[in-house]
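Input: a single structure, listed below in structure tokens.
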Amino acid sequence: MNLENTQVQMRKGILEFCILHIISRGEVYASDMLEELTSAKIIVVEGTLYPLLTRLRKAGLLEYKWVESSSGPPRKYYTITEEGKEFKNSLSSTWLQLVESTSQIITKNNS
């Protein structure tokens with residue numbers, strides 16, 4: 001069994017949830033998301049983020065707009081939709097249940 005592969009899969013499993021939380025705080029640029037996810041050790045490659053953002057947008061959970069930049073090309077800024085907020089809230093409930101359930105299992109005494 002490959003430990004690193006399992007760890008990567010666990011992180012990928014919560015990636016959408018984390019992205020929705022980041023975007024729900026306000027308009028955000030993809031590189032800022034990537035920086036936050038990387039510093040939290042959730043994601044480290046750009047190639048994972050952009051396809052996921054496209055999938056979330058196509059699902060109606062995110063929107064984006066182009067903003068002109070004085071220091072280069074226009075930037076794409078993401079915001080969460082109302083549907084995205086509802087989806088994130090449902091995921092939050094599921095997350096809290098999972099944390100409680102896993103904590104119950106991993107802290108159970110082997111007596």
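Computed over heavy atoms, backbone and side chain alike; hydrogens, waters and symmetry mates excluded.
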Is there a side-chain contact between L91 and W95, using heavy atoms and a 4.5 Å cut-off? no
Side-chain touch E86/N89, heavy atoms, less than 4.5 angstrom: no
Interatomic distance, CG@D32 vs CG@L37, rounded to 0.5 Å, equals 11.0 Å
So, for E83 and A59, which heavy atoms are closest and what is the spacing to 0.1 Å? OE2-O, 3.6 Å
Indicate, with yes or no, if L56 and Y50 share a hydrophobic cluster defined by side-chain heavy-atom contacts under 4.5 Å among Ile, Leu, Val, Met, Phe, Trp and Tyr. yes
If you look at every heavy atom in F17 and K88, which pair is closest and at what distance? CE1-O, 4.1 Å
Which value, rounded to the nearest 0.5 Å, describes the distance between L34 atom CG and E36 atom CD? 10.5 Å
Over 12 foreign heavy atoms within 6.0 Å of NZ, K65: no
Any side-chain heavy-atom pair from K85 and E82 closer than 4.5 angstrom? yes
Supply the atom-to-atom distance L20 CG to F87 CZ, rounded to the nearest 0.5 angstrom. 7.0 Å
So do T6 and N2 actually touch side chain to side chain, heavy atoms under 4.5 Å? no
Are there more than 12 heavy atoms of other residues, nucleotides or ligands under 6.0 Å from atom CD of Q7? yes
Smallest heavy-atom separation, T81 atom then G60 atom, equals OG1-O, 2.6 Å
Residue pair K41 / R11: nearest heavy atoms and the distance that separates them: O-NE, 2.7 Å
For the OG atom of S31 and the CD atom of E46, what is their distance to the nearest 0.5 Å? 8.5 Å
Same cluster for L49 and I14 if Ile/Leu/Val/Met/Phe/Trp/Tyr side chains link at under 4.5 Å? yes
From OH (Y64) to OH (Y29), nearest 0.5 Å: 13.5 Å
Using 0.5 Å steps for rounding, measure from the NE2 atom of H21 to the OG atom of S92. 3.0 Å
Joint cluster assignment, V67 & I80, ILVMFWY side-chain distance < 4.5 Å: no
Is there a path from Y77 to L53 through hydrophobic residues (I, L, V, M, F, W, Y) whose side chains come within less than 4.5 Å of each other? no
Verify the cluster assignment for I42 and V99: are they in a single hydrophobic cluster under the rule of side-chain heavy atoms below 4.5 Å apart? yes
A quick test of your reading: do over 12 heavy atoms of other residues, nucleotides or ligands sit less than 6.0 Å from CD of E100? no
Any non-hydrogen side-chain atom of L61 less than 4.5 Å from a side-chain atom of I23? no
